[in-house]
Protein chains: 2
Amino acid sequence: MNLPLYIQIKQKITQELILGRWRAGDLIPSEIELANNYQVSQGTVRKAIDVLSSEKILVRKQGKGTYVTTHDEEQIQLRFLRLTSSKGQKEKLENQLLSFNKIKPNAYVAKQLNITTNAYVYQIKRLLTFAKKPLIFDEIFIPVANFKGLTAETIIEKKGSLYRLYESEYGIQMLNAEEKIKAVQATDEVAKYLRIKKLFPLLSIERLSYTYDERPVEWRLGLCLTNDYYYKTELE
Amino acid sequence: MNLPLYIQIKQKITQELILGRWRAGDLIPSEIELANNYQVSQGTVRKAIDVLSSEKILVRKQGKGTYVTTHDEEQIQLRFLRLTSSKGQKEKLENQLLSFNKIKPNAYVAKQLNITTNAYVYQIKRLLTFAKKPLIFDEIFIPVANFKGLTAETIIEKKGSLYRLYESEYGIQMLNAEEKIKAVQATDEVAKYLRIKKLFPLLSIERLSYTYDERPVEWRLGLCLTNDYYYKTELE
DNA sequence: GAGTGGTCTAGACCACGGC
DNA sequence: CCGTGGTCTAGACCACTCA
């Protein structure tokens, strides 16, 4: 258990983030200051920040300093949305809340979120619309324990990204996520909202999102129409 | 146009790879040797290699040296295959060549491959099978100009990954790729091979692969059954 | 001009692989 | 044992931001 120094520094910085001492959007101390605090060279701090920066946890800005990544900036808004228009047009995304309930999760969702089936979760159903056309039917589950007092009104108010809400209202940062993608047929309920026929093929995108310490916080299932849009990804 | 030194070194190394002086699997000169050759410090060479390594173009091996990435190793075989079994079992992938033809591409494929519709391409159709069940129907297009003299026999012989064939027979390295994913319905032809009903939902995975200099070399369309498997990806 | 991150150097020592 | 990449340091200078 003799980790390289820069990894240890990385962990110390991460710890500050977990404890909430440095929050989303904050400017963290300069490299020189951190080097003095931790009694290591600036180069070692640099390397620690390099890693955190490549993990998109921190963001460097030359001449200004290093910041904690936030979902609250335009350009990062769509970080987790990989749907792209086939026609290249950039339409505005609209968001309609369909339902908001407090329920007990089924066994699968509970397991994914690492909670018991007796722990309540909020269930959010919503419809995403691009260019006036319904495109995605989302079903989202988050543990009540992490988001006490959340209401439908709050969700409607912050009509943009839920991640921004998690961050600003609950200090919970979504750092990364895993997606499992399949092709499925539309059910009656979904077909109605997406204005398509039952059994029409849809992209099923199951996403589990994590905050610090790889702790799962949100599970969602998105059902997407892929006539005019496609899911884009890169391999290397 | 005054790029950092380590980027210039990176470009010089890349140039050696493009010229084929260092080929897939080769051991490249040590950091110290490169530093002397290029008249820079070892630290600068390190940083150049760091970048190439994060791009999966080079692979470092402590105590041994730095190698050019190859598709010819077991662990890298499935680098570009993101399909995962829902049941967690690892079955062996089998490969059946369905057809091999020399044709003129349609406008779309020609555009993707950056060639004219008069330049011939090889069209390869094949069926991938896991655990005796047909899983993916692939249709692949590669410019004849890049793969002169390719035959069905060669493909069957190298029954594994085509990328390994491109590399060993033609010295063409696939470095990265873009995928566009949609949900579609099975056509008659595909339904027959995958042993499903027509109109059954399939994952349509369109992939454009690139070699050095972001030069596109292969376009393929994979149609996948996602009953027992799913496409897995990570977001950060 | 002061302070930040970005680049570059030179040199030390460590950890691993293979002879 | 030697040569490789991996870590760490100290110090120099550059490029950018902002007061």
Side-chain angles (χ1 to χ4, degrees), chain A residues 1-14 16-17 21-70 73-76, chain B residues 1-14 16-17 21-70 73-76:
Chain A
M1 194 55 186
N2 212 335
L3 290 173
L5 244 189
Y6 74 92
I7 298 288
Q8 296 177 37
I9 301 300
K10 183 197 160 196
Q11 290 172 341
K12 288 186 181 178
I13 294 174
T14 305
E16 299 282 358
L17 296 168
R21 298 200 22 195
W22 302 335
R23 312 196 38 155
D26 285 0
L27 174 66
I28 73 168
S30 76
E31 294 179 355
I32 295 175
E33 209 171 330
L34 290 173
N36 290 333
N37 289 352
Y38 298 135
Q39 288 296 302
V40 298
S41 78
Q42 188 189 352
T44 301
V45 172
R46 272 196 76 73
K47 194 150 183 187
I49 294 180
D50 278 346
V51 177
L52 289 165
S53 174
S54 78
E55 290 172 352
K56 296 202 171 73
I57 291 173
L58 297 179
V59 177
R60 298 174 186 279
K61 297 191 180 171
Q62 185 172 163
K64 300 177 77 173
T66 301
Y67 296 79
V68 182
T69 301
T70 173
E73 295 183 20
E74 274 308 320
Q75 70 261 45
I76 317 182
Chain B
M1 197 57 187
N2 212 335
L3 290 174
L5 244 189
Y6 75 91
I7 298 289
Q8 296 177 37
I9 302 300
K10 183 197 160 197
Q11 290 172 339
K12 288 186 182 177
I13 294 174
T14 305
E16 299 282 358
L17 296 167
R21 302 208 11 204
W22 303 335
R23 313 196 38 152
D26 285 0
L27 174 67
I28 73 169
S30 75
E31 294 179 354
I32 294 174
E33 209 170 329
L34 290 173
N36 291 334
N37 288 353
Y38 298 135
Q39 288 296 301
V40 298
S41 78
Q42 187 189 351
T44 301
V45 171
R46 273 196 76 71
K47 194 151 184 187
I49 294 179
D50 278 346
V51 176
L52 289 165
S53 175
S54 77
E55 290 172 352
K56 297 203 171 72
I57 291 172
L58 297 179
V59 177
R60 297 174 185 281
K61 297 190 181 173
Q62 186 173 158
K64 300 177 77 174
T66 301
Y67 295 79
V68 183
T69 301
T70 171
E73 295 183 20
E74 274 308 319
Q75 70 261 44
I76 318 184

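Residue numbers begin at 1 in each chain, while the letters A, B, ... track the order of the sequences.
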How long is the gap from [atom1] on [X] to [atom2] on [Y], to the nearest 0.5 Å?
X	Y	atom1	atom2	result
A:Asp26	A:Tyr67	CG	OH	10.0 Å
A:Glu16	A:Asn37	CD	CG	9.0 Å
B:Thr44	B:Tyr38	OG1	OH	13.0 Å
A:Ile49	A:Ile28	CD1	CD1	4.5 Å

Steps toward salt bridge (Lys or Arg N to Asp or Glu O under 4.0 Å) verdict (A:Arg60, A:Asp50) = CA-CA 9 Å; A:Arg60 298 174 186 279; A:Asp50 278 346; 2.5 Å; yes
Between protein and nucleotides 4-11 of chain C, map the contacts as a letter string: B base, S sugar-phosphate only, - none, heavy atoms under 4.0 Å, written 5' to 3'.
-> BBBBSB--
